[in-house]
*Asks:* 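Before I ask anything, here is the structure I am working with.
The chains referred to below are lettered A, B, ... by the order of the sequence lines, with proteins before strands, and numbering in each begins at 1.
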2 protein chains.
Amino acid sequence: MKDREQPPAAPAPSAELAEAAARLRVLTGQLMRRLRAASEGTDVTLSQASALSRLDREGPATTVALARAERVRPQSMGATLAALEEAGLVERTPHPSDRRQAIMSLTEQGRLRLAEVRREREGWIAGALAERLDEREQAVVVEALGLLARLAEED
Amino acid sequence: MKDREQPPAAPAPSAELAEAAARLRVLTGQLMRRLRAASEGTDVTLSQASALSRLDREGPATTVALARAERVRPQSMGATLAALEEAGLVERTPHPSDRRQAIMSLTEQGRLRLAEVRREREGWIAGALAERLDEREQAVVVEALGLLARLAEED
DNA sequence: TATTGTTATACTCTATAACTATA
DNA sequence: TATAGTTATAGAGTATAACAATA
C-alpha cells in the first residue's frame with residue numbers, strides 16, 4: 001500500500017493525501033446516512049431540502065440551472081421540484097420571454113419550512129462542532145469546509 | 001440568519017458554525033454524487049468499496065461488526081457482503097466456537113480490486129487536494145478530516 | 001439543430017418487519 | 001431471552017432513454 005518510487009516531476013498525491021481522500025470518502029458516506037436518519041419524520045427529503053436551500057441562497061432559478069448547481073440531471077431535479085411544488089413550498093412562474101422555461105421560487109411557506117428543516121437537520125452537526133471541538137479546531141474545520149466546497153463546485 | 005442574543009451559558013451554535021453545518025451538508029451531497037459518478041464502469045459499488053476498505057484496514061470481521069462500524073443496519077451490510085462474496089472479493093469462514101457467526105475476510109482478488117478501486121475513485125479527490133491547494137491549506141484539510149471523522153464515529 | 005422540460009423505467013442504497021438458528 | 005444472520009418489501013435518490021415543445 002506504499003509508493004515504492006516517488007516520480008520526481010508529477011505532484012504525486014502523497015500517501016497522506018491519498019489517506020485524506022479515503023477518509024473523506026468514508027466520512028461522506030457516514031454523514032449521508034446520519035443526515036438521512038435525521039430527516040425521519042420530516043416530510044422534506046434531503047434533495048428537496050438542498051434545492052430549497054439553494055433557492056433561498058441564490059434566488060429563483062430554472063430546473064436546468066438548479067440541476068447544474070446541484071450536480072444532478074435535469075430529470076432528477078425535475079422530480080425534486082415537482083414534489084416541492086405539490087407541497088406548496090416552491091412555485092413556478094413562466095419565463096417572460098422563453099416559454100420553454102419556468103422560474104422556480106420559494107413560497108413563504110417554503111421559507112418557513114426551510115428554517116425548520118435547517119434547525120432539525122443541521123442541528124446535530126453544529127452542536128457537535130460546538131461541543132466536541134475547541135475554538136482552534138472549529139476554525140480549522142470552518143476553513144477546511146470552505147476549501148472543500150470550492151473544490152467540489154469546480155469542474 | 002444572525003443570533004440576536006448570545007445566551008451566556010448555552011454553547012449556542014454560532015452563526016458561523018450553523019453555516020459550516022449547512023456547507024457540510026451540501027458538500028456531502030455533492031461528494032456523494034461525484035463518488036458515484038466516478039464509480040461508473042466499475043462493478044464495485046460505493047458501499048461495497050467501503051466494506052472492502054474497512055476489511056483491509058481492520059481485518060476480518062462479522063456482518064454485525066461491519067454494520068456497526070459503517071453505521072448501517074445488519075441487513076444492509078448483509079446484502080453488501082453477499083454481493084462481494086458472489087464476486088469472489090470476500091470469503092466467509094465459520095466462527096470457531098459460535099456457529100451463528102461467520103467471519104468475513106478479503107480474498108486476494110478482493111485486495112487487488114480494492115487497490116484498483118481506490119485509484120479510480122479517490123484519485124480525483126487526492127488530485128484536487130494536491131493541485132488546487134497549497135501546502136498550508138492541505139494541512140488544514142487533513143487535520144479537519146481527522147476531526148470530522150472523530151465526530152462522525154462518535155455517538 | 002439546440003435547449004428546456006417531461007415521462008417511463010431501472011438500479012443502488014438503505015430501512016423496517018418477520019423469520020430461523022444458535023447461544 | 002438475546003444475538004447473528006436471512007428474506008421480503010418499500011422508499012429515496014439518481015440515472016439513461018425517448019419524447020414534446022420551444023427557440
*Asks:* Could you check how far CD1 of B:I103 sits from C1' of D:dT3, rounded to whole Å?
*Replies:*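 After rounding, the reported distance stands at 14 Å.
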*Asks:* If we only count heavy atoms from C-beta on, is the B:M32 to B:L46 side-chain gap below 4.5 Å?
*Replies:*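 Counting from C-beta outward, B:M32 and B:L46 do come under 4.5 Å.
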*Asks:* B:E86 has an atom CD; how far is it from atom C1' of D:dT6, in whole Å?
*Replies:*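 The answer, rounded to whole Å, is 16 Å.
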*Asks:* Which comes earlier along DNA chain C counting from the 5' end, the contact point of A:P74 or that of A:R100, where each point is its nearest nucleotide?
*Replies:*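 Its nucleotide being nearer the 5' end, the pick is A:R100.
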*Asks:* CZ of B:R68 versus C1' of D:dA4: gap in Å, rounded?
*Replies:*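 Going from CZ in B:R68 over to C1' in D:dA4 covers 10 Å.
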*Asks:* Go through the structure and list residues passing side-chain hydrogen bond (donor to acceptor under 3.5 Å, both in side chains) with B:E85, not counting sequence neighbours.
*Replies:*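 Expected list: B:R92.
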*Asks:* We want to know whether B:R57 and B:S53 form a side-chain donor-acceptor pair, criterion being a heavy-atom distance below 3.5 angstrom.
*Replies:*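 Checked: B:R57/B:S53 side chains pair up, N/O donor to acceptor below 3.5 Å.
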*Asks:* Write down the distance between CZ (A:R99) and P (D:dA20), rounded to a whole number of angstrom.
*Replies:*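 One finds 18 Å between P of D:dA20 and CZ of A:R99, rounded.
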*Asks:* Which whole-number value in Å describes the distance from B:L35 CG to D:dT14 P?
*Replies:*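 Spelled out: CG on B:L35 to P on D:dT14 is 14 Å.
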*Asks:* Classify A:S50 by what it touches in the nucleic acid, base, sugar-phosphate, or nothing, heavy-atom distance under 4.0 Å.
*Replies:*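 It contacts nothing in the nucleic acid.
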*Asks:* For B:T45 and B:R36, does a side-chain donor sit closer than 3.5 Å to a side-chain acceptor?
*Replies:*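 B:T45 vs B:R36: no donor-acceptor pair found between side chains.
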*Asks:* Which nucleotide wins on minimum distance to the side chain of A:R92, given the candidates C:dT6, C:dT4, D:dG5?
*Replies:*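 When the side chain of A:R92 is considered, C:dT6 is the closest of C:dT6, C:dT4, D:dG5.
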*Asks:* Mind checking the CZ-CG spacing from B:R113 to B:L84? Nearest 0.5 Å is all I need.
*Replies:*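 These two atoms lie 10.0 Å from each other.
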*Asks:* Let me know the distance between CG of A:L84 and P of D:dA12, rounded to the nearest Å.
*Replies:*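 Taking CG of A:L84 and P of D:dA12, I get 13 Å after rounding.
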*Asks:* With the sugar-phosphate defined as primed atoms, P, OP1 and OP2, and the base as all remaining atoms, what B/S/- string results for nucleotides 9-15 of chain C, 5' to 3', for protein heavy atoms under 4.0 Å?
*Replies:* ---SSBB
*Asks:* Looking at A:E86, I'd like to know if its CD atom is crowded, meaning that more than 12 non-hydrogen atoms belonging to other residues, nucleotides or ligands lie closer than 6.0 Å.
*Replies:*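 Counting other residues, nucleotides and ligands, CD of A:E86 stays at 12 neighbours or fewer.
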*Asks:* Heavy atoms only, 4.0 Å cut-off, all strands: where does B:A82 land among base, sugar-phosphate and nothing?
*Replies:*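 B:A82: no heavy atom of the nucleic acid under 4.0 Å.
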